[in-house]
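Written below as structure tokens is the structure these notes are about.
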Amino acid sequence: MSEDVTSSSDEKTQYIGGEQVAVLLPLPLGAAYDYLVPDGMTVGIGDFVDVPLGHSGSRGVVWGPGAGDVDVAKLKNIKARCVAAPLPPASAAFVDWVSKYTLAMPGAVLRMCMSVPEALDPPKLITAYVASATPKEFKSTAARERVLAVLKDGPPRILSELAMEAGTGTGVVKGLLAAGVIETVSQAPPPPPEPDFAQAGHPLSEAQATAADQMCAAVGDGFSVHVLDGVPGSGKTEVYFEAVARALSMGKQALVMLPEIALGAQWRKRFNDRFGCAPMEWHSDLTRTQKREIWRTISKGGARVVVGARSSLFLPYPDLGLIVADEEHDAAYKQEDGVIYNARDMAVVRANIGKIPIVLASATPSLETAVNAASGRYVTQHLPERHAGAALPDISLIDMRAENLPATRWISDTLRGALTDVIDQGEQAMLFLNRRGYAPLTLCRACGHRLQCPQCSAWLVEHRSLARLQCHHCGHNIPLPEICPNEECGVEGKLAACGPGVERLAEELEGLFPGIRYTLAASDTIQSPRAAEELVKTIEDHDVDVIIGTQIVAKGYHFPMLTLVGVVDADLGLAGGDLRAAERTFQLLYQVAGRAGRDQRQDQKPGRVMMQTYLPDHPVMKALASGNREDFIATETHARETMHMPPFGRLAALIVSGKDENSVERAATALGRAAPHGDGIQVFGPAPAPISMLRGKHRRRLLLKTRKDIAVQPLLKRWIKFANVPRKVRVQIDIDPYSFM
Ligand code: ADP
Ligand code: ZN
């Protein structure tokens with residue numbers, strides 16, 4: 001990926017009645033449509049406008065001068081111009097860039113910027129309460145006096161706030177209203193509280209201060225990329241908070257991206273401690289109304305610090321001064337449907353367009369980032385030590401070949417011994433297994449039939465707590481059957497769960513330690529920021545001894561009592577062997593290991609991490625056990641370079657899908673025949689995708705691999721046009737693919 005951006009030319013930006021303008025609509029259309037500016041209206045580039053389209057109409061953005069390729073007589077007038085702030089030029093340039101790079105339709109990208117179009121309507125007024133201008137006689141009570149006291153000292157309050165502040169019910173307020181003692185006013189919703197950037201953060205260590213100073217100096221000084229590379233617990237958050245404070249002090253907005261915002265519970269608290277108010281959050285769990293208010297506030301420059309998942313990149317910041325992508329290596333930054341893009345990479349582009357610095361923070365930078373850092377394109381700041389000299393955990397491997405476990409047990413005797421120690425000492429342990437549910441496969445012991453999703457080529461996963469089998473790809477689920485669904489078999493009572501998920505591990509743990517207090521943390525049990533907050537509290541309050549979790553507990557958390565991490569199946573991510581299998585396994589397990597022994601208050605021994613593996617000689621396991629990250633990165637870099645794989649070459653995938661298998665097969669074959677060729681260009685496939693059926697659609701894949709200096713977009717465009725794929729077959733383009741499924 002290259003983030004070079006050309007600045008736009010200084011074309012005319014205002015259009016008056018009778019002129020033609022191009023309006024980009026947030027719809028999957030090939031280009032912007034021309035419209036006429038009606039007499040008496042002036043519109044500028046970036047203005048949101050309502051235009052006629054089909055029967056109803058649409059809301060879009062004035063993108064530039066009209067293309068002029070439609071007969072003027074056929075053009076329609078813009079209906080209205082929204083009063084809202086225009087789409088900032090940087091956002092518009094970003095839409096164009098993302099569209100060109102990902103080959104998604106520009107309107108589809110714009111739709112990500114206009115995810116709440118109603119935010120462009122004038123704000124709905126809310127009802128607030130004030131003391132009446134002409135005071136009336138009334139029957140006084142203590143509660144009534146408290147309400148009046150609150151209003152006497154402050155601005156108008158909304159009902160719930162007023163009642164809460166006065167420590168009474170809303171009925172008391174309504175009673176005063178009926179008595180004419182207070183009255184209502186309609187007003188715009190109050191602006192959100194402003195973070196206090198002048199408040200001092202924690203005193204920084206020398207390494208932290210050096211890193212913070214460099215980043216702060218970069219704020220306001222154009223585009224630059226900073227890799228904040230520090231072991232877990234080294235204080236990366238504290239350091240980039242300084243840069244956030246600097247951006248705020250310069251009157252600018254700051255965006256902090258987290259790969260999974262639902263998990264930001266501890267992050268939120270730390271932000272609050274540092275800046276005295278909550279950050280603006282942007283994630284899928286918000287209500288429509290919340291989204292509308294936040295979107296509008298941001299567009300007016302009001303939300304000073306936004307924390308969000310990848311979609312927060314597309315919010316209309318008029319004056320963004322800094323972007324932070326925390327856990328930059330995380331695969332959750334890759335959006336795999338709709339517009340397929342990597343938010344980490346696009347954040348670098350957005351920073352370049354806005355001429356601002358971006359911080360990529362991680363304990364295990366992605367290979368792409370590491371290579372950019374090594375070449376000097378990115379500036380690196382290292383935090384080599386945990387805060388306050390806390391020791392890094394001691395990582396050891398458990399060779400499962402020597403443990404001789406029976407087929408229905410997964411906790412080795414060695415790990416069990418370590419668990420016993422930790423529990424005896426009143427500390428906490430985490431068992432990590434990256435598999436949701438009870439068992440990944442259900443098999444009939446009579447006929448060998450494996451229970452599969454009817455719509456996907458995937459096994460159904462047993463969720464015993466729900467007594468159901470579930471497809472983790474499409475959500476299809478059925479009650480746990482008693483008899484084998486294979487018509488030729490139909491034998492009862494022979495269905496057996498194979499392999500462990502976190503639920504089954506919990507069962508084993510309970511068997512080994514009767515009465516043990518544990519909690520399960522997986523994406524299906526922790527679905528909202530609230531649930532994550534409760535989980536964190538349960539652990540911090542020491543209401544559990546063991547946390548059994550999937551990757552959602554791998555990142556970012558600090559649990560002071562957690563002194564042992566047991567990785568149940570360290571080899572899990574290595575199966576399948578896609579391009580990044582080794583890298584990702586290393587990153588994930590290194591992150592998980594980082595949860596152990598975060599605090600040294602109780603004693604001076606470091607936390608322990610034990611990884612159960614059948615491959616103790618694998619380079620990933622060796623690197624983890626020796627703590628030698630640099631060696632691992634060097635080996636992995638060398639391997640990629642030799643194979644001309646990213647970041648030393650380019651990849652783009654085509655995913656061909658459709659309901660009718662024959663048409664899909666034919667389209668894939670046609671694409672195969674039309675494949676580009678030439679020096680430095682290779683095409684693999686078509687081949688059935690590893691998930692050859694998904695949600696009832698058949699899937700084939702092709703992979704384009706090119707030399708680094710060859711741009712894949714023009715090749716892809718010509719290729720797809722040339723192959724003439726029928727309408728009922730869909731071809732998705734995935735530039736820089738992460739998933740090869
Ligand atoms: P990382 O993001 O590198 O894992 P954090 O920024 O989350 O590390 O810091 C780890 C822990 O150490 C947190 O509890 C944080 O509050 C604490 N910490 C880090 N730096 C300091 C500091 N300079 N002063 C006080 N506490 C710090
Ligand atoms: Zn399915």
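To the nearest 0.5 Å, atom CG of residue L315 and atom OG of residue S115 are 6.5 Å apart. The CG atom of L313 sits 6.5 Å away from the OH atom of Y341 when rounded to the nearest 0.5 Å. To the nearest 0.5 Å, the span separating CZ on F271 from CE on M280 amounts to 10.5 Å.
The existence of a salt bridge linking R699 and E661 is excluded, since no basic side-chain nitrogen approaches an acidic carboxylate oxygen closer than 4.0 Å. A salt bridge between D660 and K697 is absent, with no side-chain N of the basic residue lying under 4.0 Å from a carboxylate O of the acidic one. The pair D736-R650 fails the salt-bridge criterion, with no side-chain N (NZ, NE, NH1 or NH2) lying under 4.0 Å from an Asp/Glu carboxylate O. Taking 4.0 Å as the cut-off between side-chain N and carboxylate O, E327 and R344 do not count as a salt-bridged pair.
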Go through the steps for E328 and T369 under the test side chain to side chain donor-acceptor pair (under 3.5 Å), then give the verdict.
-> CA-CA 9 Å; E328 67 88 26; T369 296; 2.8 Å; yes
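Under the 6.0 Å cut-off for aromatic ring centres, F314 and W282 do not qualify, their centroids lying 6.0 Å or more apart.
Remark: K705 NZ is packed, more than 12 non-hydrogen atoms of other residues, nucleotides or ligands lying under 6.0 Å away.
Counting heavy atoms from C-beta on, the side chains of P676 and R718 never come closer than 4.5 Å. By the 4.5 Å heavy-atom criterion applied to side chains, M611 and L589 are counted as neighbours. A 4.5 Å side-chain heavy-atom check between I735 and Q713 finds at least one atom pair inside the cut-off.
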